[in-house]
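Remarks on the structure that follows.
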There are 2 protein chains.
Amino acid sequence: MSSVDRRIEIVQAALRVISEVGVQGATTRAIVSEAGMSLASFHYAFASRDEMMEELIAWVVENQTVAAFSTIRYGSDIRTTVRDGLQAFFETIVADAAHEQVLLELMLFSLRTPALQKLPHAQWANYTLGVTELLNAAAVNAGIEWVRPIDEVAQFLLTVTDGLTLAWLANRDRAAAATVMDIAADSLAALAVPIITRTKDRSA
Amino acid sequence: MSSVDRRIEIVQAALRVISEVGVQGATTRAIVSEAGMSLASFHYAFASRDEMMEELIAWVVENQTVAAFSTIRYGSDIRTTVRDGLQAFFETIVADAAHEQVLLELMLFSLRTPALQKLPHAQWANYTLGVTELLNAAAVNAGIEWVRPIDEVAQFLLTVTDGLTLAWLANRDRAAAATVMDIAADSLAALAVPIITRTKDRSA
DNA sequence: GTCTATAAGGAGATAGAC
DNA sequence: GTCTATCTCCTTATAGAC
């Protein structure tokens with residue numbers, strides 16, 4: 001097996017181990033056991049566990065997108081679109097809460113590791129960009145425009161989704177989440193105004 | 001030294017160590033070094049490190065309050081009161097980001113420890129109660145009432161503050177935080193309506 | 001109660017055969 | 001390239017002197 005393939009295999013096995021037992025439990029032995037290889041193979045592919053963790057987190061930052069939102073169905077008013085989008089996001093959290101816990105653990109781990117401290121910022125910027133695009137698409141589709149700069153709206157939406165994620169991990173309360181999403185949808189809809197389309201120039 | 005005093009001393013030392021090097025780095029040796037005692041003294045007070053971690057997290061859940069909000073100054077309209085409260089909360093985050101990281105690490109640690117899994121829920125409930133009281137006080141002082149059940153308003157506010165915390169840890173962006181707080185204050189103000197006080201009964 | 005010394009095991013990493 | 005066996009260090013926990 002080529003070294004690059006082995007590295008990928010190890011990183012994916014490590015992610016599965018982390019999902020099960022956390023970053024703390026992801027020892028080199030646990031990882032190679034999950035991957036079905038020997039301990040020496042790990043160190044043939046990576047010089048150290050630290051090096052593997054760096055590659056793992058870099059991979060997550062690159063590949064982790066806001067896929068949850070991409071299931072949005074348009075065709076309604078902006079309030080409904082936002083509310084449906086939040087619900088779709090929430091269902092992905094419910095379906096795989098362990099994955100959200102992993103992302104949080106990796107973020108906190110990165111913040112404690114000097115070589116990785118900038119990655120959470122990069123990931124946050126990635127998310128903001130993704131959410132900005134979605135808000136743009138939603139605005140065009142609903143025939144509205146945002147009364148604030150779109151990146152500010154995106155930052156607010158991202159704050160809400162992060163808060164929803166933390167709350168779900170702590171309390172697993174669907175009703176509370178629904179309430180928060182209702183209020184958030186109202187809040188975002190209040191930041192939208194209809195675009196006045198002049199079919200004919202009635203001035204003159 | 002009495003056993004109970006020693007336990008408190010150890011827990012406080014452990015919290016300082018966790019703040020510096022994380023939950024992963026809070027070994028018994030690091031903790032007793034911080035506390036200036038021998039390793040045996042640790043095990044005289046606690047049967048195991050796990051037992052100490054349980055007491056530590058229970059202590060945090062009991063003693064961690066939303067003190068940040070208690071610096072609110074009333075006397076303005078509800079939008080200003082909320083915005084000022086958010087700012088006060090945010091300043092405590094900025095002043096001690098490491099503390100927020102510790103709280104998050106302990107939450108994730110608890111979720112991975114069967115004996116501690118219910119504590120994050122309890123802490124979340126505590127926060128909700130505290131925020132509810134503050135929203136009540138703010139409403140009375142500003143002469144408004146909330147158009148939704150107050151615990152729902154509290155859940156939304158808590159979601160925003162959690163999201164603000166995560167964002168600050170990731171990006172350290174004051175401007176972004178200010179924007180989110182502006183929008184959040186608008187959103188909450190939209191959930192308030194003035195109380196109609198009838199000084200005299202003008203019907204009849 | 002508090003200490004030093006030590007046990008017993010797990011961690012990352014490497015040597016060297018194949 | 002991949003393995004088994006091993007090195008070295010660090011961890012939690014305990015034994016036993018004082």
Side-chain angles (χ1 to χ4, degrees), chain A residues 1-59 102 105-106 108-110 112-116, chain B residues 1-59 102 105-106 108-110 112-116:
Chain A
M1 181 179 294
S2 78
S3 180
V4 57
D5 284 348
R6 177 121 290 183
R7 287 167 79 102
I8 293 172
E9 197 181 6
I10 289 172
V11 165
Q12 296 305 313
L15 280 170
R16 291 195 297 275
V17 172
I18 292 174
S19 183
E20 288 164 18
V21 294
V23 171
Q24 335 212 9
T27 64
T28 53
R29 284 179 162 78
I31 293 165
V32 297
S33 171
E34 166 72 23
M37 66 180 70
S38 74
L39 190 53
S41 293
F42 180 101
H43 283 289
Y44 183 81
F46 289 105
S48 68
R49 180 182 178 276
D50 286 353
E51 184 184 308
M52 188 278 299
M53 284 300 295
E54 290 187 24
E55 186 152 314
L56 182 150
I57 289 172
W59 185 88
V102 168
E105 288 182 13
L106 290 176
L108 295 177
F109 177 86
S110 297
R112 291 228 179 258
T113 310
L116 305 176
Chain B
M1 180 178 296
S2 79
S3 180
V4 58
D5 284 346
R6 176 121 293 184
R7 287 167 79 101
I8 293 172
E9 197 181 5
I10 289 172
V11 164
Q12 296 305 313
L15 279 170
R16 292 194 297 275
V17 172
I18 292 174
S19 183
E20 287 163 19
V21 294
V23 171
Q24 335 213 8
T27 64
T28 53
R29 281 180 155 79
I31 293 165
V32 297
S33 171
E34 167 72 24
M37 65 181 70
S38 74
L39 191 52
S41 294
F42 181 101
H43 284 288
Y44 183 83
F46 290 105
S48 68
R49 181 181 177 277
D50 285 354
E51 184 183 309
M52 188 277 297
M53 283 301 295
E54 290 187 24
E55 186 152 315
L56 181 149
I57 289 173
W59 185 89
V102 168
E105 287 182 12
L106 291 176
L108 295 176
F109 177 85
S110 297
R112 292 229 178 257
T113 309
L116 305 175

task: Kindly state each residue pair satisfying side chain to side chain donor-acceptor pair (under 3.5 Å) with at least one member in residues 5-19 of chain A, sequence neighbours excluded.
output: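 For residues 5-19 of chain A, and leaving out neighbouring residues, the side chain to side chain donor-acceptor pair (under 3.5 Å) pairs sorted by first residue read A:Ser2-A:Asp5, A:Arg6-A:Ser41, A:Arg7-A:Glu51, A:Arg7-A:Glu55, A:Arg16-A:Glu34.
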
field: Test side chain to side chain contact (heavy atoms under 4.5 Å, CB included) applied to B:Thr113 and B:Asp50, step by step
entry: CA-CA 10 Å; B:Thr113 309; B:Asp50 285 354; over 6 Å; no

statement: With B for base contact, S for sugar-phosphate-only contact and - for none (protein heavy atoms under 4.0 Å), nucleotides 1-7 of chain C reads BBBB---

query: Which pairs, with at least one residue in residues 35-49 of chain B and sequence neighbours excluded, count as a salt bridge (charged side-chain N to carboxylate O under 4.0 Å, His left out)?
result: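 Sorted result for residues 35-49 of chain B: empty, none.
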
task: Quantify the bending of the helix from C:dG1-D:dC18 to C:dC18-D:dG1 as the angle between its end axes, each fitted on five pairs, to 10°.
output: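 Its terminal axes enclose an angle near 10°.
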
- prompt: Who pairs with A:Glu105 by salt bridge (Lys or Arg N to Asp or Glu O under 4.0 Å), at least two apart in sequence or on another chain?
  reply: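 Partners of A:Glu105 under the salt bridge (Lys or Arg N to Asp or Glu O under 4.0 Å) test: B:Arg112.
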
query: Is the shortest heavy-atom distance from the side chain of A:Leu106 to the side chain of A:Leu116 under 4.5 Å?
result: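 A side-chain contact under 4.5 Å is absent here.
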
Closest approach of [X] to [Y] (non-hydrogen atoms, all atoms of both residues):
X	Y	answer
A:Gly25	A:Ala30	O-CB, 3.8 Å
B:Ile57	B:Ser110	CD1-OG, 3.3 Å
A:Val32	A:Ser38	CG1-O, 3.7 Å
A:Ile18	A:Ala26	CG1-CB, 3.5 Å

message: Please list, in numerical order, the residues of residues 11-22 of chain B that have a heavy atom closer than 4.0 Å to any atom of DNA chain C.
response: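 Here the set is empty: none.
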
- prompt: Can you tell me how far OG1 of B:Thr28 sits from CZ of B:Phe46, rounded to the nearest 0.5 angstrom?
  reply: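 The OG1 atom of B:Thr28 is 12.5 Å from CZ of B:Phe46, to the nearest 0.5 Å.
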
Send over the distance from [X] [atom1] to [N] [atom2], rounded to a whole Å.
X	N	atom1	atom2	result
A:His43	D:dT6	NE2	C1'	13 Å
B:Met52	D:dA13	CE	C1'	14 Å
A:Gln24	C:dA11	CD	C1'	14 Å

